[in-house]
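Please read the structure below before turning to the comments.
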Amino acid sequence: MSSQTNSIVADMSLAPEGHLKIDWVKAHMPVLNRIREQFEQEQPFKGLKVAISLHLEAKTAYLAKVVKAGGAEVAITGSNPLSTQDDVCAALVEDGITVFAKYNPDPKEYKELMIKTLETKPDLIIDDGGDLVTILHAERPELLAQVRGGAEETTTGILRLKALEKEGVLKFPMVAVNDAFCKYLFDNRYGTGQSVWDGINRTTNLVAAGKTVVVVGYGWCGKGVAMRAKGLGANVVVTEIDAIRAVEAYMDGFTVMPMLEAAKVGDIFVTVTGNRDVIRGEHYAVMKNGAILSNAGHFDIEVNKPELEALSNGKRVVRRNIEEYQLKDGRSIYLLAEGRLVNLAAGDGHPAEIMDMTFALQAMSLKYVNEQYEAIGAKVVNVPYDIDEQVARNKLASLGIGIDQLTAEQQAYLDSWAEH
Ligand code: NAI
């Protein structure tokens, strides 16, 4: 299959810019570079086809190249209409990867591109948010038998996979990459924390210091977004539905209150719940004129757009990635990046050094599921601890940081119940 003839991308002339972007991130992904060297030697995916759906920017492109270096034939699509970068897509095609993706396709085309990716008949899958796997089960069941297994990137995708598994519908094993320590501790917390503010700051060109920032959801992503908002000098309010996480936010020094109260005081809102309608009509009704709304959760359903539209006379784009909703009572509410993941739709996503660990987990999990798919069966499984630990060790090695080892006496002490 020729990547040049089969691919669907916006503009091949953008390839040189895409290659530069991929080269830049590659230079900052030492853990993945080491895996690439291993894959080149071992060829773990020789003769296999891999379908990937991820936010299609430079770090993802490099992961696709690493999987290809392991012997696979790779087809890739985006996992969100606004996070695909056309120059990166063009570069990947030149690198021999089949690409079905362009920036901002309409919903119908977005799905068609995903189906085309599935029609390459993959043996293995890397998914982000669960679209590829759910479309495969629901609409292309004839392709299921070929699939050995795959790996899922994010919290929302794992929730969907677990629902498929619970109903007895899931047909192959999926590794829950998000739930590895080296994923959520760093990607969700530090990656989202930094890149959400990068997205908001570059999009609005406004100051965060002194403003009241409302972080909706204090999970791993929310913790990062709140921590970095505090660092920028904002007054941070957290809303939650989980009592334990609400106490955690309080102890971390944030003000906790229900959304209906937070809606009245917030200047900038960031939703990171993985849930729907966490900001909705009753909240818009009490918001300040000029409030800015953004979302960092996987789907664009956290900020209820139909209810915002119903309250508005109209909307207009006032700056790239900022829509002003003109409310019937004269107030304006601004929505960033159409309520899609603000760090990816209005930014470049997580820093390369963070995705280095996440994508190292992806690459090693894909190898693991390929070796163990028969033994695992049609289940959602965790990343094995030794893979997680290996990624951390390689990360430390790349940073030149050493750690201690247990002495024999310490190991014996920890292992015994009598010697205390
Ligand atoms: P998590 O499960 O650790 O946290 C979600 C939190 O939201 C929980 O504490 C939950 O109690 C809370 N929540 C649920 N409904 C709520 C409501 N109505 N009001 C207030 N709080 C509510 O999940 P995590 O890992 O933080 O992920 C959150 C979302 O972000 C998911 O959709 C995930 O896929 C996505 N994600 C986005 C990334 C990005 O780059 N923007 C990176 C990683 C994950």
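Order of listing sets the numbers, starting from 1, for every ligand and every atom in it.
Residue I35 is tested with Q362, Q390, M364 for a side-chain contact (heavy atoms from CB on, under 4.5 Å); the sole match is M364.
Residues H55 and S83 bring a donor and an acceptor atom of their side chains to less than 3.5 Å of each other.
Partners of Y368 under the ring pair (Phe, Tyr, Trp, His ring centres under 6.0 Å) rule, at least two apart in sequence or in another chain, do not exist in this structure. Legend: residues meeting side chain to side chain contact (heavy atoms under 4.5 Å, CB included) with K328, ordered by chain and number and at least two apart, are N313.
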Please table the atom pairs, donor to acceptor, closer than 3.5 Å between any side-chain atom in residues 164-173 and protein atoms at least two apart or in another chain.
none

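Between F359 and E153, some side-chain heavy-atom pair lies under the 4.5 Å cut-off.
Near ligand 1, heavy-atom contacts under 4.0 Å come from T154, T155, T156, D187, N188, T192, V216, G217, Y218, G219, W220, C221, T239, E240, I241, D242, R245, V272, T273, G274, N275, V278, A296, G297, H298, L341, N343, L344, H350.
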